[in-house]
Amino acid sequence: TMVPNRLEPEELSPETMEPGRERKPPSKMNKTRRGRGKHNQKGGNYDGKFSIWGSNSNGLKAKLNSLKANIEYYKKPSCITIQETKLRQTSTVQIKGYKVFEKVRAGYGGGILTAVIDELEPVLISDGDDENEVLVVQIKVGKENIRIFNCYGPQEDEEKTRKNSFWTTLEKEVICAKDQDCYILIQMDANAKVGKEIIKDDPNKQSKNGKLLMEVLSRQNLHLLNS
């Protein structure tokens with residue numbers, strides 16, 4: 001499980017984190033649903049090295065050239081996950097060789113985007129709901145199904161009910177992924193501090209969001225890979 005840094009105007013920084021479930025029709029929130037349909041039956045055609053690159057863009061529209069440069073620099077990552085795109089409509093971002101899935105927040109801010117190389121035949125599993133920015137895409141590498149979670153967590157000062165709703169939604173998707181025998185990979189901006197209990201010499205105390213994050217990981221036997 002991993003939490004990304006924010007992107008500067010011409011600089012995207014790589015990251016990663018940990019994660020699932022097929023369900024319901026589109027919610028009221030605008031989103032792109034390209035790739036929805038049957039779970040990839042073929043898969044297994046990808047024989048390259050799997051890699052994931054993610055970041056908080058803090059507004060993606062002005063940084064598309066930087067995004068393309070980083071895709072080239074990191075030699076075309078298998079999967080790209082971006083939080084806080086702040087896009088006002090879907091289909092704004094097209095990336096050659098990738099299938100793009102988006103969730104656009106109604107109102108200001110937020111928004112998440114996942115892009116996966118075509119060879120992995122990605123399909124959309126879930127895009128959360130009107131309040132919770134959780135985007136789940138399934139891919140197949142060899143014989144294994146993997147669900148990639150891209151999430152943007154609530155701020156520390158948001159209402160408790162709002163935060164509980166987000167973490168409950170995320171955990172339900174994780175459980176669904178397990179029920180379908182999928183591997184889980186979460187890359188997210190959790191808006192959380194996990195503290196020195198997890199990261200040696202971390203100057204920050206574990207925040208309330210950090211506690212909620214670690215509780216989900218503990219209950220679901222997931223591991224924090226980077227923060």
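One-based numbering along the sequence shown. A quick note: this is a predicted structure, and the numbers were derived from the prediction, not measured. The analysis underlying the following values was restricted to heavy atoms, covering all of them including side chains, and did not include hydrogens, waters or symmetry mates.
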[X] side-chain N/O to [Y] backbone N/O, donor-acceptor pair under 3.5 Å:
X	Y	result
N209	N191	yes
K99	D118	no
T90	E102	no
E133	G111	yes
R147	I125	no

task = Kindly determine whether Q89 and V104 satisfy side chain to side chain contact (heavy atoms under 4.5 Å, CB included), including the steps that lead there.
result = CA-CA 6 Å; Q89 60 185 20; V104 174; 5.9 Å; no
To the nearest 0.5 Å, tell me how far [X] [atom1] sits from [Y] [atom2].
X	Y	atom1	atom2	answer
I148	L185	CD1	CG	6.0 Å
L224	M214	CG	CE	5.5 Å
I117	I139	CD1	CD1	8.0 Å
K68	K63	NZ	NZ	16.0 Å
L170	C151	CG	SG	5.0 Å
L113	Y98	CG	OH	11.5 Å

query = Tell me, which pairs form a salt bridge (Lys or Arg N to Asp or Glu O under 4.0 Å) where one or both residues lie in residues 190-199, sequence neighbours left out?
reply = none
message = Does anything in residues 213-224 form a salt bridge (Lys or Arg N to Asp or Glu O under 4.0 Å)? List the pairs, not counting sequence neighbours.
response = E171-R219, K211-E215
task = Any chance you could lay out the side chain to side chain contact (heavy atoms under 4.5 Å, CB included) test for W53 and Q187, step after step, and finish with the verdict?
result = CA-CA 9 Å; W53 180 92; Q187 197 285 319; over 6 Å; no
ask   = Can you list the residues that meet the side chain to side chain donor-acceptor pair (under 3.5 Å) rule with N204, with sequence neighbours excluded?
value = D202
ask   = With sequence neighbours excluded, what pairs up with T85 under the side chain to side chain donor-acceptor pair (under 3.5 Å) test?
value = none
remark   = Exactly one candidate in L212, V194, L222, I198 meets side chain to side chain contact (heavy atoms under 4.5 Å, CB included) with L217; the answer is L222
request  = Answer yes or no for K178 and Y183: cation-pi contact, defined as NZ/CZ to six-membered ring centre under 6.0 Å and angle to ring axis within 45°.
outcome  = no
task = Begin from the C-alpha positions of V93 and L64 and carry the test side chain to side chain contact (heavy atoms under 4.5 Å, CB included) through to its verdict.
result = CA-CA 8 Å; V93 180; L64 294 178; 3.9 Å; yes
task = Could you verify whether a donor N or O on one side chain and an acceptor N or O on the other, from T169 and N132, lie under 3.5 Å apart?
result = yes
message = Pairing donors with acceptors under 3.5 angstrom, does anything connect the side chains of Q83 and N56?
response = no
ask   = With sequence neighbours left out, what residues match K208 under side-chain contact (heavy atoms from CB on, under 4.5 Å)?
value = E156, K163
Salt bridge (Lys or Arg N to Asp or Glu O under 4.0 Å) against E158, all qualifying residues, sequence neighbours excluded = R162
ask   = Hey, are the side chains of P122 and F101 touching, using non-hydrogen atoms and a 4.5 Å cut-off?
value = yes
message = Checking V137 against V116 for the side chain to side chain contact (heavy atoms under 4.5 Å, CB included) test, could you report, in this order, the C-alpha distance in whole Å, the side-chain angles of both residues, the deciding distance, and whether it holds?
response = CA-CA 9 Å; V137 173; V116 182; 4.3 Å; yes
